[in-house]
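See structure below.
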Amino acid sequence: MLKLNITTEDSSCKARTGFFETDHGIVETPIFMPVGTQGTVKAVNQSYLENEIKAQIVLSNTYHLYLRPGIEILESAGGLHKFMNWEKPILTDSGGYQIFSLTELRKLKEDGVEFKSHLDGSKHFFTPEKVIGIQRSIGSDIMMVLDECAPYPCDYDYANKSVDLTTRWALLNKKSFINSTPKYGHNQFLFGIMQGSIYKDLRKKSAEQLQEIGFDSYAIGGLAVGEPVDKMYELVNYTTDLMPRESPRYLMGVGRPENIIEAISLGVDMFDCVMPTRNARNAYLFTWDGTVLMRNARYKNDFKPLDENCNCYTCRNYSRAYLRHLFIAEEILALELASIHNLYFYLELVSKARENIISGNFLNWRNRIINQISIKN
RNA sequence: GUGGGUAUAGCUCAGUUGGUUAGAGCACCAGGUUGUGGCCCUGGGUGUCGUGGGUUCAAAUCCCACUACUCACC
């Protein structure tokens, strides 16, 4: 088990603060993990990631790293930490989500999933065993099981079968985990992923079956795939009660800033999402005064910083007019400065959530800040 | 100077024997993006059809003049 050392619990909601330890360092929760699919957080170098953005852990992806550069290269490099020059914790997603998002390219089978590479069309077969093996070669501090993320909408019968398949795979994941060892001298944890679509009894079944198998901790998968946001909150609230109290709860793929704050109040500790980085590359920026679409012509002559209340490298040094110019001119620096800002914002968001939980002011802060950051400028 | 060609959206250009409210691509403007392809998706036409006349029920389209650009030849 990966122990979450709980330091504060909010008295009026399920929010809590804590930390857990890996061989690459401590992670303080609640935490947001920047997404670095291909062994890089797009447009942001590792120095900025660590020193400016204060990322404590990043997410990378089994599917992408397996296809390119391939596990031989990663093993020759001595693992992903050395390969990408990142000595803090890394979590790797298993490829389960790619099975879901690349549906035209895959075929689900009892033993695993056959898929075609989005790079060259070559055929590959992922099994729970193989995915554990690849993650051993990557050397991530936290590995994720191979699961099936059901689509939305999803009828009960399909969702039920999907949970059963995910459980059968989970058992094989666990067996492979037990029968293999880390390659680089540091410990690796394995998280189970709970499914069940929008059906509470299936969520319950998934939670129970996975905990019977036993994992270091657990993630909530299969949400934020198109269901109404209130439905998502309802299910998160329901599911966190089914999860162990003293290990970090991870809500996969979520989300918008307001989704994260809300989910923290429902007892979630870990998040990842492509939104701060992907949206940054499309000039969609998050600020403490709401979202800013940096391409808009209204910023042509705006020489104020992007966010006067932000202390990131971008906001300290550049104007909105300059950022807009960089985007319109399609300059690479636009992607870098925007990504740095959005990630800084997300990390500061969870950091402030943590401070406010500790000071006992979390719900007040949450209600105020959600209104503030949801404004569309 | 003479003869030919061209002129339609910011750019490059379609536009039938004259026939509804003049189109495309790119650009531009406005949105979207939830376990990542910088991709992609959605919506928007922003126009004195070079200018002025004429023919016609009806002209970007036919006729005349002018203007600009361009090619060839003196």
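Numbers restart at 1 for each chain; the letters A, B, ... are given by sequence-line order, proteins then strands.
- One interatomic measurement links the two molecules: CD of A:Gln38 to P of B:rU36, which rounds to 11 Å at whole-angstrom precision.
- Within a 6.0 Å sphere centred on CZ of A:Arg68, heavy atoms belonging to other residues, nucleotides or ligands number 12 at most.
- Figure legend. B:rC39 is base-paired to no nucleotide; pairs are counted as Watson-Crick or G-U wobble with both atom distances under 3.5 Å.
- Taking the ring axis of A:Trp169 as reference, the NZ or CZ atom of A:Lys174 does not stay both within 45° of it and closer than 6.0 Å to the ring centre.
- In this structure, the nucleotide among B:rU34, B:rG37, B:rG35 sitting nearest to the side chain of A:Ala224 is B:rU34.
- Electrostatic pairing of A:Glu348 and A:Lys54 does not count as a salt bridge here, judged by no charged N lying under 4.0 Å from a carboxylate O.
- A sub-4.0 Å separation between OP1 or OP2 of B:rG35 and a side-chain N or O of A:Asn61 is absent.
- Residue A:Arg281 contributes atom CZ, which lies 9 Å from atom P of B:rG37 at whole-angstrom precision.
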Shorter than 3.5 Å, N or O on both sides, protein versus nucleotides 10-12 of chain B: list them out with atom names.
none

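- We find that A:Glu258 and A:Arg366 are not joined by a salt bridge, their nearest charged nitrogen and carboxylate oxygen being 4.0 Å or further apart.
- Taking the centre of each ring, A:Phe271 and A:Phe32 stay at or above the 6.0 Å mark.
- The existence of a salt bridge linking A:Lys304 and A:Asp302 is confirmed by a sub-4.0 Å separation between a basic side-chain nitrogen and an acidic carboxylate oxygen.
- Using the Watson-Crick or G-U wobble rule with both distances under 3.5 Å, B:rU6 pairs with B:rA68.
- Here A:Tyr63 and A:His118 bring their ring centres to under 6.0 angstrom of each other.
- Listed by residue number, the members of residues 211-223 of chain A with any heavy atom below 4.0 angstrom from RNA chain B are A:Gly222.
- Taking the centre of each ring, A:Tyr250 and A:Tyr218 stay at or above the 6.0 Å mark.
- Atom CG of A:Leu91 is separated from atom P of B:rU36 by 11 Å (rounded to the nearest Å).
- Taking atom CD on A:Glu336 and atom P on B:rG38, their separation rounds to 16 Å, with Å as the unit.
- Within the shown strands, nothing qualifies as a pairing partner of B:rU33 under the Watson-Crick or G-U definition with both distances less than 3.5 Å.
- For A:Arg16 and A:Glu9, the salt-bridge test fails: no basic side-chain N is under 4.0 Å from an acidic carboxylate O.
- When rounded to the nearest whole Å, the span between CE of A:Met33 and P of B:rG35 equals 11 Å.
- Nucleotide B:rA24 forms a Watson-Crick or G-U wobble pair with B:rU12, both donor-acceptor distances falling under 3.5 Å.
- Atom-to-atom, CG of A:Leu251 to C1' of B:rG35 comes out at 10 Å; the value is rounded to the nearest Å.
- Salt-bridge formation is not detected for the pair A:Asp141/A:Lys88: no Lys NZ or Arg NE/NH1/NH2 atom is positioned less than 4.0 Å from an Asp or Glu carboxylate oxygen.
- Note on A:Lys42: every side-chain N or O is 4.0 Å or more away from OP1 and OP2 of B:rU36.
- Rounding to whole angstrom units, OH of residue A:Tyr97 and C1' of B:rG37 are separated by 14 Å.
- For the pair A:Asp164 and A:Arg168, the salt-bridge criterion is not met [side-chain N within less than 4.0 Å of a carboxylate O].
- Residue-level contact check: A:His64 touches the backbone only, with heavy atoms under 4.0 Å from sugar-phosphate atoms and none from bases.
- Residues from residues 144-171 of chain A placing a heavy atom under 4.0 Å of any atom in RNA chain B, listed by number, are A:Asp147, A:Cys149.
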Letter per nucleotide, 5' to 3', of nucleotides 26-31 of chain B [B base touched, S only sugar-phosphate touched, - untouched; heavy atoms, 4.0 Å]: --SSSS
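- Remark: A:Phe191 engages no residue in a ring-ring contact (aromatic ring centres under 6.0 Å, His included) (not counting sequence neighbours).
- Regarding A:Tyr63, its OH atom lies at a distance of 11 Å from the P atom of B:rU36, rounded to whole Å.
- By the 4.0 Å N-to-carboxylate-O rule, A:Glu87 lies too far from A:Lys82 to be salt-bridged with it.
- In this structure, the nucleotide among B:rG37, B:rU34, B:rG35 sitting nearest to the side chain of A:Leu59 is B:rG35.
- Aromatic rings of A:Phe215 and A:Phe189 (six-membered ring for Trp) have centroids beyond the 6.0 Å cut-off, not under it.
- A distance of 10.0 Å separates OH in A:Tyr97 from CE in A:Met252, rounded to the nearest 0.5 Å.
- Centroid-to-centroid, the aromatic rings of A:His124 and A:Tyr66 come within less than 6.0 Å.
- Residue contacts shown for A:Gln195 include a base, since a base heavy atom lies under 4.0 Å away.
- Shown here, B:rC62 forms a base pair with B:rG54; the pair counts as Watson-Crick or G-U wobble because both key distances fall under 3.5 Å.
- Within 6.0 Å of NZ on A:Lys183 lie more than 12 heavy atoms contributed by other residues, nucleotides or ligands.
- Both A:Ala283 and A:Val35 lie near RNA chain B, and the one whose nearest nucleotide falls closer to the 5' end is A:Ala283.
- A salt bridge does not link A:Lys175 to A:Glu129: none of the charged nitrogens lies less than 4.0 Å from a carboxylate oxygen.
- Heavy-atom distances under 4.0 Å link RNA chain B to A:Asn259, A:Asp272, A:Cys273, A:Val274, A:Met275, A:Thr277, A:Arg278 of residues 258-278 of chain A, given in residue order.
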